[in-house]
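Reading through the C-alpha cells given below for one structure.
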Amino acid sequence: MARKTVRVKIPRGNADDMIDLIKHVLKHDKDLGKNSLLDKVDVTALTALLKAAEPEREKAKELEAAAQGFNQSAKNHLGINRDQSINTPNTGLYHITQVRDTLLKKLKGVEEKLGEYGFNVAIGSAKGRSKKTK
C-alpha cells in the first residue's frame with residue numbers, strides 16, 4: 001500500500017503573502033468561534049504579530065518606491081541603464097571604459113596587471129582560423 005504524504009506550503013519568501021495567510025487564518029478562526037481548532041495562545045500571538053508587521057510592511061512599500069527612484073538615479077550616473085552605452089558621456093561606464101583602454105595600452109603584454117586596479121582579467125588563447133577542406 002502506498003504511503004500518504006502531505007505537504008503544506010507556507011509563503012516564506014513574500015511578506016505580503018504571509019500577512020494574507022495570517023489574516024485568513026485569523027478570520028477563519030473568528031468565523032468558527034468556539035468551534036475553532038486553534039489554540040487561543042497561537043491566535044493571540046498571531047494577532048499581535050500581525051498588528052506589528054502590517055504597518056511596517058506598508059512603510060517598507062513606501063520606502064521601496066523612494067529607493068527605486070534613488071537606484072534609478074544611481075544607475076543613470078553609472079551609465080548602466082538600458083538606454084546607455086560606453087559612449088554616453090559623463091557616466092561611470094564611459095570613464096571606466098576610458099581607464100580600461102588607457103591601461104590596456106600602457107600594460108600591453110602584461111594585461112594581468114589590470115587586476116591590480118580591480119578589473120576582472122581573463123587571459124586565454126584562441127585557435128587560429130583554419131581553411132575549410134572540401
Side-chain angles (χ1 to χ4, degrees):
M1 179 175 216
R3 185 173 56 123
K4 179 179 177 180
T5 61
V6 178
R7 196 173 292 189
V8 180
K9 288 190 173 186
I10 296 176
R12 298 178 59 178
N14 187 305
D16 292 328
D17 289 347
M18 179 63 93
I19 287 172
D20 289 344
L21 176 60
I22 291 171
K23 283 181 176 180
H24 193 92
V25 166
L26 293 175
K27 182 185 180 312
H28 192 67
D29 176 71
K30 185 178 180 180
D31 291 346
L32 290 175
K34 291 182 180 182
N35 294 328
S36 176
L37 302 174
L38 300 180
D39 185 350
K40 292 303 171 193
V41 172
D42 291 332
V43 171
T44 303
L46 277 175
T47 302
L49 290 168
L50 181 64
K51 285 181 181 178
E54 229 175 349
E56 289 178 353
R57 182 65 188 134
E58 291 305 315
K59 185 67 175 175
K61 286 179 186 178
E62 292 171 19
L63 294 174
E64 186 175 354
Q68 286 178 359
F70 287 118
N71 280 329
Q72 190 66 32
S73 180
K75 284 182 174 183
N76 206 36
H77 290 299
L78 295 170
I80 58 175
N81 274 328
R82 287 185 183 178
D83 60 337
Q84 294 177 308
S85 71
I86 62 171
N87 298 316
T88 307
N90 298 317
T91 63
L93 182 60
Y94 176 84
H95 289 290
I96 202 70
T97 302
Q98 299 298 316
V99 167
R100 179 204 61 197
D101 293 348
T102 299
L103 289 172
L104 281 171
K105 287 176 188 173
K106 294 185 177 189
L107 296 173
K108 189 155 183 81
V110 286
E111 290 84 358
E112 60 273 2
K113 287 198 172 203
L114 269 80
E116 294 173 7
Y117 287 87
F119 288 96
N120 185 0
V121 181
I123 298 176
S125 61
K127 184 179 174 184
R129 288 187 170 194
S130 61
K131 291 185 178 182
K132 291 183 182 179
T133 57
K134 290 186 179 181

Distance from [X] atom [atom1] to [Y] atom [atom2], nearest 0.5 Å?
{"X": "His77", "Y": "Lys75", "atom1": "NE2", "atom2": "NZ", "answer": "14.0 Å"}
{"X": "Ile80", "Y": "Thr88", "atom1": "CD1", "atom2": "OG1", "answer": "12.0 Å"}
{"X": "Tyr117", "Y": "Leu107", "atom1": "OH", "atom2": "CG", "answer": "6.5 Å"}
{"X": "Asn71", "Y": "Glu64", "atom1": "CG", "atom2": "CD", "answer": "10.0 Å"}
{"X": "Ile22", "Y": "Leu49", "atom1": "CD1", "atom2": "CG", "answer": "6.5 Å"}
{"X": "Leu93", "Y": "Gln84", "atom1": "CG", "atom2": "CD", "answer": "8.0 Å"}

A side-chain contact here means heavy atoms from C-beta on lying under 4.5 Å apart; do [X] and [Y] qualify?
{"X": "Arg57", "Y": "Ile19", "result": "yes"}
{"X": "Gln72", "Y": "Asn81", "result": "yes"}
{"X": "Leu46", "Y": "Leu26", "result": "yes"}
{"X": "Leu103", "Y": "Phe119", "result": "yes"}
{"X": "Met18", "Y": "Ile10", "result": "yes"}
{"X": "Leu114", "Y": "Leu104", "result": "yes"}
{"X": "Glu56", "Y": "Lys59", "result": "no"}

Discussion item. Take a 6.0 Å sphere around CG of Asp83 and say whether it holds more than 12 heavy atoms from other residues, nucleotides or ligands.
Written reply: yes
Worksheet entry | More than 12 heavy atoms from other groups under 6.0 Å of NE2 on His28 | no
Practice prompt. Could you please spell out the steps behind the salt bridge (Lys or Arg N to Asp or Glu O under 4.0 Å) verdict for Lys40 and Asp29?
Written response: CA-CA 10 Å; Lys40 292 303 171 193; Asp29 176 71; 3.6 Å; yes
Worksheet item: Under 3.5 Å, is there a donor-acceptor pair between the side chain of Glu62 and the main chain of Ala60?
Response: no
Worksheet item: Is the side chain of Ser36 donor-acceptor paired with the backbone N or O of Leu32 at a distance under 3.5 Å, no angle test?
Response: no
Does a side-chain N-to-carboxylate-O contact under 4.0 Å join [X] and [Y]?
{"X": "Asp31", "Y": "Lys27", "value": "yes"}
{"X": "Asp101", "Y": "Lys106", "value": "no"}
{"X": "Lys61", "Y": "Asp16", "value": "yes"}

Item to complete: Carefully, step by step, assess Val25 and Leu38 under the rule side chain to side chain contact (heavy atoms under 4.5 Å, CB included).
Response: CA-CA 9 Å; Val25 166; Leu38 300 180; 3.7 Å; yes
Worksheet entry | Criterion side chain to side chain contact (heavy atoms under 4.5 Å, CB included) on Arg100 and Thr97, from CA distance to verdict | CA-CA 5 Å; Arg100 179 204 61 197; Thr97 302; 3.4 Å; yes
